[in-house]
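Worth saying up front: this structure is predicted, and the values here are computed from it rather than measured.
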Amino acid sequence: MIKQFMEKLQKEGYKYTNQREEVLRILLRNKDSHMSCDEVHGIVSKERKDVGIATVYRTLQLFEKLGLVYKINFDDGVSRYELNFGTENHHHHHLICTNCGSVTEVKLDLLESLEDEIEKEEGFTIQDHNVKFYGICKDCKDKEKNANKKNNKE
């Protein structure tokens with residue numbers, strides 16, 4: 001997988017560097033997460049002291065420009081990144097817990113028929129969409145339930 005991403009980088013005229021590979025490795029190891037630049041840097045800096053936050057930031061910007069990653073904003077002022085494996089049109093949705101901040105992906109494309117209708121009625125070609133649902137995750141609800149049970153026993 002790393003070879004495939006790095007080949008795309010070189011094909012577009014960019015140098016293969018150890019720092020870029022390290023950022024890519026971290027994103028791959030955490031492929032189910034939505035990592036911020038600071039989070040990526042925090043991991044990189046433990047393994048490689050020569051990679052600064054500016055390098056990580058520029059690398060993530062380059063990866064986004066080349067379509068290797070998607071940049072996602074969950075309305076908290078922090079940009080997060082996820083790898084683009086090229087297997088989807090990036091039509092998935094996110095569940096954001098307002099209690100603990102956890103983010104869960106919903107792989108179902110809930111808006112496909114709506115997109116078709118909009119394109120038909122408005123003559124508008126939709127390239128992507130981003131839907132975020134805010135609420136309380138199952139873990140937080142379970143913790144609350146258990147705390148209430150404990151309080152009721154006392």
**Q** Would you say that Leu83 contacts Phe5 through its side chain, given a criterion of any heavy-atom pair below 4.5 Å between the two side chains?
**A** yes
**Q** Using the rule that Ile, Leu, Val, Met, Phe, Trp and Tyr join whenever any side-chain heavy atoms are under 4.5 Å apart, tell me whether Leu28 and Val40 fall into a single cluster.
**A** yes
**Q** Kindly write out the residues that satisfy salt bridge (Lys or Arg N to Asp or Glu O under 4.0 Å) with Glu47, not counting sequence neighbours, or none if the list is empty.
**A**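 Testing Glu47 for salt bridge (Lys or Arg N to Asp or Glu O under 4.0 Å), a comparison that skips the adjacent residues, returns Arg29.
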**Q** According to side chain to side chain contact (heavy atoms under 4.5 Å, CB included), who are the partners of Asn99, at least two apart in sequence or on a separate chain?
**A** Cys97, Ile136, Cys140
**Q** For residues 48-60, please give each side-chain donor-acceptor pair under 3.5 Å, one per line with the distance, not counting sequence neighbours.
**A**
unit_1	atom_1	unit_2	atom_2	d
Arg48	NE	Asp50	OD1	3.1
Arg48	NH2	Asp50	OD1	3.3
Arg48	NH2	Asp50	OD2	2.8
Lys49	NZ	Ser45	O	3.2
Tyr57	OH	Gln61	NE2	3.0
Thr59	OG1	Thr55	O	2.7

**Q** Under the ring pair (Phe, Tyr, Trp, His ring centres under 6.0 Å) rule, collect the residues that match up with Tyr14, sequence neighbours excluded.
**A** none
**Q** Would you say Arg20's side chain and Met6's backbone share a donor-acceptor pair under 3.5 angstrom?
**A**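 Checking the backbone N and O of Met6 against the side chain of Arg20, no donor-acceptor pair under 3.5 Å is found.
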**Q** Lys8: what forms a side chain to side chain donor-acceptor pair (under 3.5 Å) with it, not counting sequence neighbours?
**A** none
**Q** Run through Ile26, Leu24, Asn18 and flag the one making a side chain to side chain contact (heavy atoms under 4.5 Å, CB included) with Glu22.
**A** Ile26
**Q** For Lys31, check side chain to side chain contact (heavy atoms under 4.5 Å, CB included) against everything at least two apart and list the hits.
**A** Phe85
**Q** Please report the interatomic distance OH(Tyr134) to CD1(Ile96), rounded to the nearest 0.5 Å.
**A**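 One gets 4.0 Å once the value is rounded to the nearest 0.5 Å.
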**Q** Within this structure, what is the OG1-CD distance for the pair Thr125 and Glu115, rounded to the nearest 0.5 Å?
**A** 11.0 Å
**Q** Apply side chain to side chain contact (heavy atoms under 4.5 Å, CB included) to the pair Glu105 and His94, showing each step before the final yes or no.
**A** CA-CA 5 Å; Glu105 284 187 14; His94 296 95; 3.7 Å; yes
**Q** Not counting sequence neighbours, which residues clear side chain to side chain donor-acceptor pair (under 3.5 Å) with Lys138? List them please.
**A**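 Scan of Lys138 (side chain to side chain donor-acceptor pair (under 3.5 Å), adjacent residues dropped) gives Asp142.
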**Q** Can you list the residues that meet the side chain to side chain contact (heavy atoms under 4.5 Å, CB included) rule with Glu144, with sequence neighbours excluded?
**A**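 Glu144: side chain to side chain contact (heavy atoms under 4.5 Å, CB included) contacts with Asn148.
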**Q** Let me confirm one number: the CG-CD distance from Leu114 to Glu119, rounded to the nearest 0.5 Å.
**A** 10.0 Å
**Q** For Asp76, which residues count as a side chain to side chain donor-acceptor pair (under 3.5 Å) partner, sequence neighbours excluded?
**A** Arg80
**Q** To the nearest 0.5 Å, what is the distance between CG on Leu27 and CD on Glu39?
**A**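 Interatomic distance, Leu27 CG to Glu39 CD, rounded to 0.5 Å: 10.5 Å.
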**Q** Is it true that Val131 and Val106 fall in one hydrophobic cluster, defined by side-chain heavy atoms closer than 4.5 Å?
**A** yes
**Q** Are Met35 and Ile43 packed together at the side-chain level, in the sense that at least one heavy-atom pair is separated by less than 4.5 angstrom?
**A**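 Yes, their side chains come closer than 4.5 Å.
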**Q** To the nearest 0.5 Å, what is the distance between CG (Asn84) and CZ (Phe63)?
**A** 12.5 Å
**Q** Going by the rule side chain to side chain contact (heavy atoms under 4.5 Å, CB included), which residues pair with Gln10 if we only count those two or more places apart in sequence or in a different chain?
**A** Tyr16
**Q** Would you mind reporting whether Glu12 and Lys65 have side-chain heavy atoms less than 4.5 Å apart?
**A**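 Result no, sub-4.5 Å side-chain heavy-atom pair not found.
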